[in-house]
Number of protein chains: 2
Amino acid sequence: MQYDFVNELGYLGLAVRLKRLSDAMVHSGRQMYKELGLDIEPNWFLIFRLLKKYNQLSVTEMASKLHFSHPSVITMVGKMEKAGYLNSTLDKSDSRKKHFFLSAKAEENLPRFEEIWQAGTEGVKKLFSEDSNFLNLLEALEVQYSQKDFKERTLNELGNE
Amino acid sequence: MQYDFVNELGYLGLAVRLKRLSDAMVHSGRQMYKELGLDIEPNWFLIFRLLKKYNQLSVTEMASKLHFSHPSVITMVGKMEKAGYLNSTLDKSDSRKKHFFLSAKAEENLPRFEEIWQAGTEGVKKLFSEDSNFLNLLEALEVQYSQKDFKERTLNELGNE
DNA sequence: TATATTTACGTAGTTAACTACATTATTATG
DNA sequence: CATAATAATGTAGTTAACTACGTAAATATA
């Protein structure tokens, strides 16, 4: 790989590297769907998988399970509904709530999508050496980070705060 | 940490998790600068450090060293110039090129900024256990990814290509 | 029971990365 | 030497996350 100044920056460059890598993967995923002629977007698998497991969920419930903001979920499900993959009903006892569930089109197409996501999973898996347990390290990192964020950690080190 | 559906998705959720974590760190960094009353933004340290090392660089040179697109660099240096941290001169022999370098204001403020970035580095370091060598694993991951991207890997697994 | 608080959803605006295209300058080539 | 190719910068538009604010409904409280 060619020279990369960010990698010289050590721990300080971590956020930049994580974002760069993530962006590259998402972009590549978008290209893939386009080439395969599928009208779905990279992060929709989150909602498909979620509704496959839980049958029907409201915006807030999805946001909470994904650790996303609710406007992000609204954007995703809005597009998916428009594309015909989701349907929704209003809650009978609470008129604020809207429940989303997979449409017939979604159920029809899911077997093909699942094939692709399974292949994607295998493909990503092969990015790592057998014994790297990267995902466990990432989980540990997420747990640590959730306990104290960048700002707090830095101010602590500065002796301020 | 509370329930997180993305973590159930294994390798397929990798890109989402990397982005979520990176976004959270950048957001926290922005808050930190605000609280400290500093008029700089999270990723400007990339340009400060780059110009500290190389003295002066053009947009394209910076983009190449950072593995960023040139429009991203233009946006960053544009803001930094406006904030008074950078100056620029046109190349004498090639009038397309513009060289950027740190201003007097930048040199004045850098010692304080470096204190903060050093503290940030220490703070991030403590996210990891002593023996995790996460950065090396990340580097290995980046190298692997640069050789074959998500789309190619997935299509290979699918047997298409 | 009236009012205050919380919850659910929606909209608007911000951010930082990207690609695609446009323009101009330099360099290479027939 | 004219023209084609390449390179540097800039602009416009896309993407997916976010926060902040608004509105309406449900729930809790005085």
Side-chain angles (χ1 to χ4, degrees), chain A residues 6 13 15-31 33-34 40-47 56-81 88-100 149-150, chain B residues 6 13 15-31 33-34 40-47 56-81 88-100 149-150:
Chain A
V6 180
V16 174
R17 291 167 70 177
L18 297 180
K19 180 162 169 50
R20 266 192 332 196
L21 186 52
S22 172
D23 282 349
M25 293 179 77
V26 170
H27 182 256
S28 182
R30 182 179 306 282
Q31 287 300 114
Y33 289 132
K34 195 177 167 186
I40 56 175
E41 296 186 17
N43 283 351
W44 291 8
F45 79 99
L46 293 170
I47 307 292
Q56 63 168 226
L57 292 169
S58 70
V59 169
T60 308
E61 287 164 343
M62 290 190 259
S64 155
K65 287 183 197 301
L66 296 174
H67 291 202
F68 271 47
S69 69
H70 81 270
S72 299
V73 173
I74 287 177
T75 304
M76 278 193 271
V77 298
K79 285 187 192 173
M80 291 177 72
E81 197 169 25
S88 58
T89 49
L90 290 176
D91 188 289
K92 284 177 184 78
S93 62
D94 185 340
S95 70
R96 295 169 307 176
K97 274 192 194 167
K98 208 164 150 183
H99 298 283
F100 288 87
D149 72 12
F150 179 74
Chain B
V6 181
V16 174
R17 291 166 71 176
L18 297 180
K19 179 160 167 55
R20 263 190 335 195
L21 185 53
S22 172
D23 282 349
M25 292 178 78
V26 170
H27 182 255
S28 182
R30 182 179 307 281
Q31 286 301 113
Y33 289 132
K34 194 176 168 187
I40 56 175
E41 295 185 17
N43 284 353
W44 292 7
F45 79 98
L46 294 170
I47 308 293
Q56 62 168 224
L57 292 170
S58 70
V59 169
T60 307
E61 287 163 344
M62 290 189 261
S64 155
K65 287 183 196 303
L66 296 173
H67 292 200
F68 271 47
S69 69
H70 81 269
S72 298
V73 173
I74 287 177
T75 304
M76 277 193 271
V77 298
K79 284 186 191 174
M80 291 176 72
E81 196 169 25
S88 58
T89 49
L90 290 175
D91 189 289
K92 283 180 184 77
S93 61
D94 184 341
S95 70
R96 294 170 306 176
K97 274 192 194 167
K98 208 163 149 184
H99 298 283
F100 288 87
D149 71 13
F150 179 73

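Chain A is the first sequence line, chain B the second, and so forth, proteins listed ahead of strands; every chain is numbered from 1.
- The residue among A:H99 and B:R30 whose nearest nucleotide of DNA chain C is located toward the 5' end is A:H99.
- Considering NE2 of B:H99 and CG of B:L90, their distance stands at 8.5 Å, rounded to 0.5 Å.
- A:K98 has its side chain out of reach of A:V59: every pair of non-hydrogen atoms, C-beta onward, lies at least 4.5 Å apart.
- Take B:R20 and apply the side chain to side chain donor-acceptor pair (under 3.5 Å) test, not counting sequence neighbours, and it matches B:D4.
- Between B:P71 and A:L46, the residue anchored closer to the 5' end of DNA chain D is B:P71, taking for each the nucleotide with the nearest heavy atom.
- Every residue meeting the salt bridge (Lys or Arg N to Asp or Glu O under 4.0 Å) condition with B:E41, not counting sequence neighbours, appears here in chain and number order: B:K79.
- D:dT6 atom C1' lies 14 Å from atom NE2 of B:H70, rounded to whole Å.
- Of the two residues contacting DNA chain D, namely A:S69 and B:K98, the nearest-nucleotide position lying further toward the 5' end is that of B:K98.
- Taking every heavy atom of both residues into account, B:M25 and A:A15 meet most closely at CB-CB, 4.0 Å.
- At the heavy-atom level, A:H27 lies under 4.0 Å from the strands shown only through sugar-phosphate atoms.
- Taking every heavy atom of residues 57-64 of chain A and every atom of DNA chain D, no pair lies under 4.0 Å.
- Between the CD1 atom in A:I74 and the NE2 atom in A:H70 there is a gap of 4.5 Å [rounded to 0.5 Å].
- Pairing each heavy atom of A:S72 with each of A:F68, the nearest pair is CB-CD2, 3.9 Å.
- Using a 4.5 Å heavy-atom cutoff, the side chains of B:Q31 and B:H27 are in contact.
- Scanning DNA chain C 5' to 3' for nucleotides with an atom closer than 4.0 angstrom to a non-hydrogen atom of chain A gives a first and last hit of C:dT7 to C:dT19.
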Identify each atom pair where a protein N or O and an N or O of nucleotides 23-28 of chain D are less than 3.5 Å apart, giving names and distance.
| residue | atom | partner | partner atom | Å |
| --- | --- | --- | --- | --- |
| D:dA25 | O3' | A:S95 | OG | 3.3 |
| D:dA25 | N3 | A:R96 | NH1 | 3.2 |
| D:dA26 | OP1 | A:S93 | O | 3.2 |
| D:dA26 | OP1 | A:S95 | N | 3.1 |

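- Between B:M62 and B:I47 the shortest side-chain heavy-atom distance falls below 4.5 Å.
- Contacts of B:S22 classified as side chain to side chain donor-acceptor pair (under 3.5 Å), with partners at least two apart in sequence or in another chain: none.
- The side-chain contact (heavy atoms from CB on, under 4.5 Å) test with B:K97 is passed by exactly one of B:T89, B:D91, B:T60: B:D91.
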